[in-house]
2 protein chains.
Amino acid sequence: MRPREFDHDEVLRVAFDQFWRKGVRGTSLSDIARDAAVQRGSLYNAFGSKEALFLQAYERYAGDYLAALQKALGVGSLRKRLTAFFDLTITNFRSGTPPRGCPTTRGLMELGAAEGEGLDENARQAFASLISRIIALVQDALAAGAARGEFDGNPAAAALHIVTMTRGLAVLERAFGDEPQLRKIAAHTIDLVLGRKGG
Amino acid sequence: MRPREFDHDEVLRVAFDQFWRKGVRGTSLSDIARDAAVQRGSLYNAFGSKEALFLQAYERYAGDYLAALQKALGVGSLRKRLTAFFDLTITNFRSGTPPRGCPTTRGLMELGAAEGEGLDENARQAFASLISRIIALVQDALAAGAARGEFDGNPAAAALHIVTMTRGLAVLERAFGDEPQLRKIAAHTIDLVLGRKGG
DNA sequence: AAAGTATTTGACACGACGTCAAGAACATGA
DNA sequence: TCATGTTCTTGACGTCGTGTCAAATACTTT
């Protein structure tokens, strides 16, 4: 068989960079083809469709991001862990120039509420899966903290609350672009969940 | 001059319905023209562009929605007010079949991070403006509640927290479509802000 | 009734997604 | 070494989206 003339992973990187900056709907395969120095038709041959290409690129991102979160949530006191968690989250939203926002949140809100779109459903599951895993990670950290007496409450409910807040932060980031505000909200949330003072 | 052959407000209603269901990028002016029984060119003549049409339709929605929130936030104890606020918010996300989600959150995440897009900036301001007004409304309710001894905390910080949560709920709604879950998170948030027991 | 003005209408240019057939490049077997 | 077959690449095509334009149209005003 004839070998690929392009680097599969390189294309995924270039594609996700564009998707992250401009959204799935706002990115054309021509854009990706140009930046990756690949013929547009080759992308269709290799990936099948824009959504399929996005899905592959997103899975790679999701894996990396989840690993980073897990690391952040594994060191120090519960308060330190949650602080590192929010830090990483906000830093992720604010990365790039101009800041690119949260690809998961953006992707979720880009989904069509239309009926027949099967690829949309795959994407929805990918987004939902990452969020579910993040909730599980936070819940584990809270449960461990509770066992150590650093937290008094329902880990499941608190984890859901915290991760819902991070989604809200992603939205406010787009609305106001005010990073100090985001960090204040995050700090306030940690105070609220752990009980203002100690932790 | 020649009079319009279509009802300006009717077009706005039809257009916003489509924008709400399918997003701005996912809605074509042909769709709107068909549903409104108006020639596509007439829409361009009357509104100038899709984004401009969206902006007009959105302003109408924002006004109505804000008025409803204000009403919900004006009756009963602080706990009742916040409950009504979250109720209305979630009911709004879940309205339609299938549920349409939150148009503001969706619109915000649809924005291009691109450079030159001026209409995007107008839309961003419209979204941000509605969110700011909602924050102000919630903050007023909290301040009034504090004056009555129903709340002990920083109204500004708590209002920001609460509204950030509603944005997060809008995202989770798209991810999981689980309305009971949304209502649980909302109840938990009220408990957290008011202090689990009384209020 | 005539003139003027805004609206309507259809054609056009451009770009995006996705498909297809033909050409090109390589591995394998003789 | 050469023929064969399979995959990748390339360019053309169809369809649909946005936005523009000129010509036709319908009303108001003088």
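Chain letters run A, B, ... following the sequence lines, proteins first, then strands; residues in each count from 1.
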* side-chain N/O A:R4 vs D:dC8 OP1/OP2, d < 4.0 Å -> yes
* Atom OG1 of A:T164 and atom CE of B:M165: how far apart are they, to the nearest 0.5 Å? -> 4.5 Å
* Asked: How would you label the contact of B:F6 with the nucleic acid (heavy atoms, under 4.0 Å): base, sugar-phosphate, or nothing?
  -> sugar-phosphate
* Structure fact -> Taken to the nearest whole Å, CG/B:N45 to C1'/C:dA11 is 17 Å
* Heavy atoms under 4.0 Å, any strand shown: does B:S42 hit a base, just sugar-phosphate, or nothing? -> base
* **Stepwise salt bridge (Lys or Arg N to Asp or Glu O under 4.0 Å) check, A:R21 with A:D17** => CA-CA 6 Å; A:R21 284 191 286 116; A:D17 175 64; 3.1 Å; yes
* To do: In whole angstrom, give the distance that lies between atom CZ of B:R40 and atom P of D:dC21.
  => 14 Å
* To do: Using whole Å, report how far CD of A:Q18 lies from P of C:dA16.
  => 11 Å
* Donor-acceptor pair (no angle test) under 3.5 Å: B:R25 side chain, D:dG17 base -> no
* Reckon A:Q39 has a side-chain N or O less than 4.0 Å from the OP1 or OP2 of D:dT10? -> yes
* Which one, D:dG17, C:dG18, D:dT9, comes nearest to the side chain of B:S28? -> D:dG17
* To do: Using whole Å, report how far CG of A:L53 lies from C1' of C:dC17.
  => 13 Å
* To do: Take atom CG of B:L29 and atom P of C:dT9, then tell me their distance rounded to the nearest Å.
  => 16 Å
* Between A:M1 (CE) and C:dA25 (C1'), how many Å, whole number? -> 13 Å
* **Length of the line joining A:H8:NE2 and D:dT7:P, which is rounded to integer Å** => 16 Å
* Ring center gap for A:F86 and A:H188 short of 6.0 angstrom -> no
* Do the side chain of A:R2 and the base of D:dC8 come within less than 3.5 angstrom through a donor-acceptor pair of N or O atoms? -> yes
* To do: Give the rounded distance in Å between these two atoms: CG of A:L43 and C1' of C:dG18.
  => 12 Å
* Among the nucleotides D:dG17, D:dC13, C:dT7, which one has an atom lying closest to any side-chain atom of B:D31? -> D:dG17
* To do: Determine, using ring centers only, whether B:F19 and B:F16 are less than 6.0 Å apart.
  => no
* Structure fact -> In this structure, CG of A:L182 is separated from OG1 of A:T166 (nearest 0.5 Å) by 11.5 Å
* Selected nucleotide, minimal atom distance to A:Y44 side chain, candidates D:dT18, C:dT19, D:dT7 -> C:dT19
